[in-house]
Amino acid sequence: MRRERTPHAVAWWIWAAGLALAALRTSNPLLLALLAAAIVVVCVARTPRDLQQSPLATFARVALIIILVRVVLQIVFGQRLPGHVLFTLPSVPMPSWAEGVSIGGPVSIEGLLSAITGGLRLAVVLLAFGAANALASPRAVLRSLPGLLHEVAVAITVALCFAPEVLASVRRIQQARLLRGRPTTGIAGMRGIAVPVLEDALDRSIQLAASMGARGFGRRPVSVSLARERTALATLILGSMILLVGGYGVLAGSSVVPGAAWLAGLGLAAVCLGVGLSGRRAARTRYRPAPVGLRSVACGASGWLSALLVVIAGVADASSITWSPWPLSWPQVTPLAFAAVVIALVPLLVAPGEARVAAARGTKIAVS
Amino acid sequence: MAASLFGAAPGAAPALGAAERTIAVVVEFGSGQGLPASFALCVKEPSGATDAQALTDALVSRGLPAPTYSSAGLLCTIAGYPSTGCGARAPGGYSYWAYFHGGSSRWTYATDGPAERRADPAVPEGWRFEPSGHGNPSDAAPDRPSATASICPSTASPANQPASPASTTIPPSTVGVTTTTTSASTATTTMAPPAATVPVTRVTDRTAERPAAPAAVRPSAGSLTGTMVAVAALGLLITIGVVLTRRRRS
């Protein structure tokens, strides 16, 4: 077993999922901003340097657009609760049956703050997944999925590769048509490009199927009984359904689904059971499996501990994680919620910095 | 017209004085021991105002805290009640403020929100606290009669009403308070409609005491430390992020 140098790819995704959960549980803009800052700092400090462009920048851009869209929607169609009116847009009178829809009208500070906070919450979730993408490639995560999900993982990997390949294919054919002086825009251009692209895709998928078949994809080992495999699959599906309902209840607050936390726990246990039942199924080897050690555990646990602290802070004092602009007041961050942000920064200590990773790899890089 | 003269008064609501109407607001704290008294208020609103605006104005005009809403826009408290929770789960359902539209015969459970509903003089707005409601039309409606004429008798014929200042925040001292000791089902006023010169905003109280209104939810100077520390930490994190990004680029 190789020694663990950096946290496992899955650990980074677990850390990010925990922080996304923490963000979904709170409506306190100051706590959300702190979580966003923590995510960005960890991501900037620990992203591998060889990455051309960090996916975090793309996700951050989308997050900004989301906040802007929320604000514009609030101004134009928003909820018009009484508040400090900034300006009044000309409003369109709606018939009585459509009174629920407001177009234009008074725009209040409270409404804008509410829209920004709502957008910020979604933005933090996006930042968390952007950070996970930058810190560990999704393909590395798919590689480490349990045997039962091997086929699914392969299908997702193929799908993930599909979009960039189609884009490359379109660009290639466009260039070829430009060189030949054929149209590349309009209906004629589209027809001229679409047919070769489709042909290209068909050729490549036949090639991919052939190579996958040659590597034994989809072959069931004789040693595994069909009944056991089916039980495992049924447990997994049932478990993920229970987990879905329970997870929804946990995210939406326990008042929606009674006993949501228990349901989520039960679902998680069923999923683990299903994976365990089928554990030895896939007769395949992994090329250089990434080791899992204390660094990975600490990294993954810190995200979920952070979420747990936010939940506990909410149970102890609901007003510490919920904030509403009606009435206007300064958002407060209690020590417990603050601890959640500090815990989210633990990967900075656990994962080695760029310099140390390079030093550890130094000899290998020199040889190659 | 008098309304247009007063309409431009400083601090007044948008100068729509000519189109002002009287909106009836009924607030009931449900049944049970130790609850604040329920009350009905009549407030002047410009046309185009929402029920939410009418509720706020009605409460503020009586010196009560304005209603608070959750970040999702759900009404949490009226006159500071309840002091904790917002649509919280209670044994048998949820404890929340149910919203009703009045009418000539009965209350109907609203299918819209107060901020979406344009205040209508013919449709009083009713609020009833449901300690263990179901969040559907099976929840109990307010006990008071649902017609504007019985809540605000003086406004039965709006055409005869004199125009009043456009300001909707009438100080409590000018609000006529009538006290009735009638049963819950018949909230008849014991007083004749006030003279034409008295502001039309009238309050009929079931009991003389005002609802227990806790202090407005506003952080004191001491509790701002939580905000200050968090802002400082945010600034520190942003600085670290900027420095790290610069170093990577160089």
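Convention: sequence-line order gives letters A, B, ...; per-chain numbering from 1.
A:Ser114 touches chain B through its side chain: at least one heavy atom from C-beta onward sits under 4.5 Å away, while N, CA, C and O do not. With a 4.5 angstrom heavy-atom cutoff, A:Ala33 touches chain B via backbone and side-chain atoms both. Using a 4.5 Å cut-off between heavy atoms, B:Ala49 makes no contact with chain A at all. Heavy atoms of A:Leu34 lying under 4.5 Å from chain B belong to its backbone as well as its side chain. Of the two parts of A:Val44, the backbone and the side chain both hold a non-hydrogen atom closer than 4.5 Å to a non-hydrogen atom of chain B. Proximity to chain A is limited to the backbone of B:Ser70, based on heavy atoms less than 4.5 angstrom apart. Only the side chain of A:Leu345 comes within less than 4.5 Å of a heavy atom of chain B; its backbone N, CA, C and O stay farther away. Only the side chain of A:Ser27 comes within contact range of chain B, with heavy atoms under 4.5 Å apart. With a threshold of 4.5 angstrom between heavy atoms, B:Ala233 approaches chain A through its backbone and through its side chain.
No side-chain heavy atom of A:Leu81 sits under 4.5 Å from any side-chain heavy atom of B:Gln53. Here the side chains of A:Val333 and B:Val229 are not in contact, with every heavy-atom distance at 4.5 Å or above.
For the residue pair A:Gln332 and B:Thr227, the shortest heavy atom distance occurs at NE2-OG1, 3.0 Å.
From A:Gln79, atom CD reaches atom CD of B:Glu116 across 7.0 Å, with rounding to the nearest 0.5 Å. Considering OG1 of B:Thr68 and CH2 of A:Trp326, their distance stands at 11.0 Å, rounded to 0.5 Å. Taken to the nearest 0.5 Å, the CG atom of A:Asn28 stands 10.0 Å off from the OG atom of B:Ser71. Atom OG1 of residue A:Thr47 and atom CG of residue B:Leu244 lie 10.0 Å apart, to the nearest 0.5 angstrom. Atom CG in B:Leu237 sits 11.0 Å away from atom CD1 in A:Ile39 (nearest 0.5 Å).
Counting heavy-atom pairs closer than 4.5 Å to chain A, the top residue among B:Gly241, B:Gly73, B:Cys76 is B:Gly73.
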